[in-house]
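Just so you know, these numbers come straight off a predicted model, no measurement behind them. Excluded from the calculations below are hydrogen atoms, water molecules and symmetry mates; all remaining heavy atoms, backbone and side chain alike, are included. Order of appearance sets the numbers: ligands from 1, and atoms from 1 within every ligand.
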Amino acid sequence: MSEKKIVKEYTNGEITVVWQPHMCTHSKNCWKGLLDVFDPRRKPWVDMNGATSDAIVAQVSKCPSKALSIK
Ligand code: SF4
């Protein structure tokens with residue numbers, strides 16, 4: 001049985017957020033901190049138009065599990 005790790009990418013043309021759900025520890029930091037971008041009730045749950053690149057980078061840096069990262 002092969003274990004496939006899902007990796008999703010969301011970009012605004014300037015920065016790309018990388019989302020690796022298997023690493024998420026559900027600290028909820030991301031959507032409590034920046035709901036306009038990270039909203040788990042929405043599909044897709046990441047809206048790169050919800051904030052400035054600086055604000056997104058700052059929020060992603062607070063993800064304790066590194067499930068969210070920037071590339
Ligand atoms: S901040 Fe990181 S660990 Fe916490 S819910 Fe968001 S993605 Fe998951």
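Residue Leu68 has at least one heavy-atom neighbour below 4.0 Å for each of these atoms of ligand 1: 7 (S). Annotation for ligand 1: atoms under 4.0 Å from non-hydrogen atoms of Asn29 are 1 (S), 4 (Fe).
Gln20 places no side-chain N or O within donor-acceptor distance of the main-chain N or O of Ser69, the cut-off being under 3.5 Å. Distance alone, capped at 3.5 Å, is enough to place a donor-acceptor pair between the Asn29 side chain and the Lys62 backbone. Using modelled atom types, one side-chain atom of Asn12 and one backbone atom of Ile15 make a donor-acceptor pair closer than 3.5 Å. Looking at Ser61, its side chain does come within 3.5 Å of a backbone N or O of Ala58 through a donor-acceptor pair.
With hydrogens left out, the protein atom closest to atom 2 (Fe) of ligand 1 is Cys63 SG, 2.3 Å, a heavy atom. From the protein, the heavy atom lying nearest to atom 6 (Fe) of ligand 1 is Cys30 SG, 2.3 Å. Ranking the protein heavy atoms by distance from atom 3 (S) of ligand 1 puts Ser65 OG, 3.1 Å first. The nearest protein atom to atom 5 (S) of ligand 1, hydrogens excluded, is given as Lys28 N, 3.2 Å; this is a heavy-atom distance. Among protein heavy atoms, the minimum distance from atom 8 (Fe) of ligand 1 is reached at Cys24 SG, 2.3 Å. If you check which protein heavy atom lies closest to atom 7 (S) of ligand 1, you get Trp19 CZ3, 3.4 Å. Of all protein heavy atoms, the one lying nearest to atom 4 (Fe) of ligand 1 is Ser27 OG, 2.3 Å.
Contacts between Met23 and ligand 1, counted as non-hydrogen atom pairs separated by less than 4.0 Å, are absent for every part of the residue.
Met48 has its side chain within reach of Ile56: a pair of non-hydrogen atoms, C-beta onward, lies under 4.5 Å apart. Val60 is listed as a side-chain neighbour of Val17, based on a closest heavy-atom distance under 4.5 Å. You'll find the side chain of Glu9 stays beyond 4.5 Å of the side chain of Val46, heavy atoms only.
Residues Tyr10 and Trp19 keep their aromatic ring centres 6.0 Å or farther apart.
The nearest N, O or S atom of Thr25 is not closer to atom 4 (Fe) of ligand 1 than 2.8 Å.
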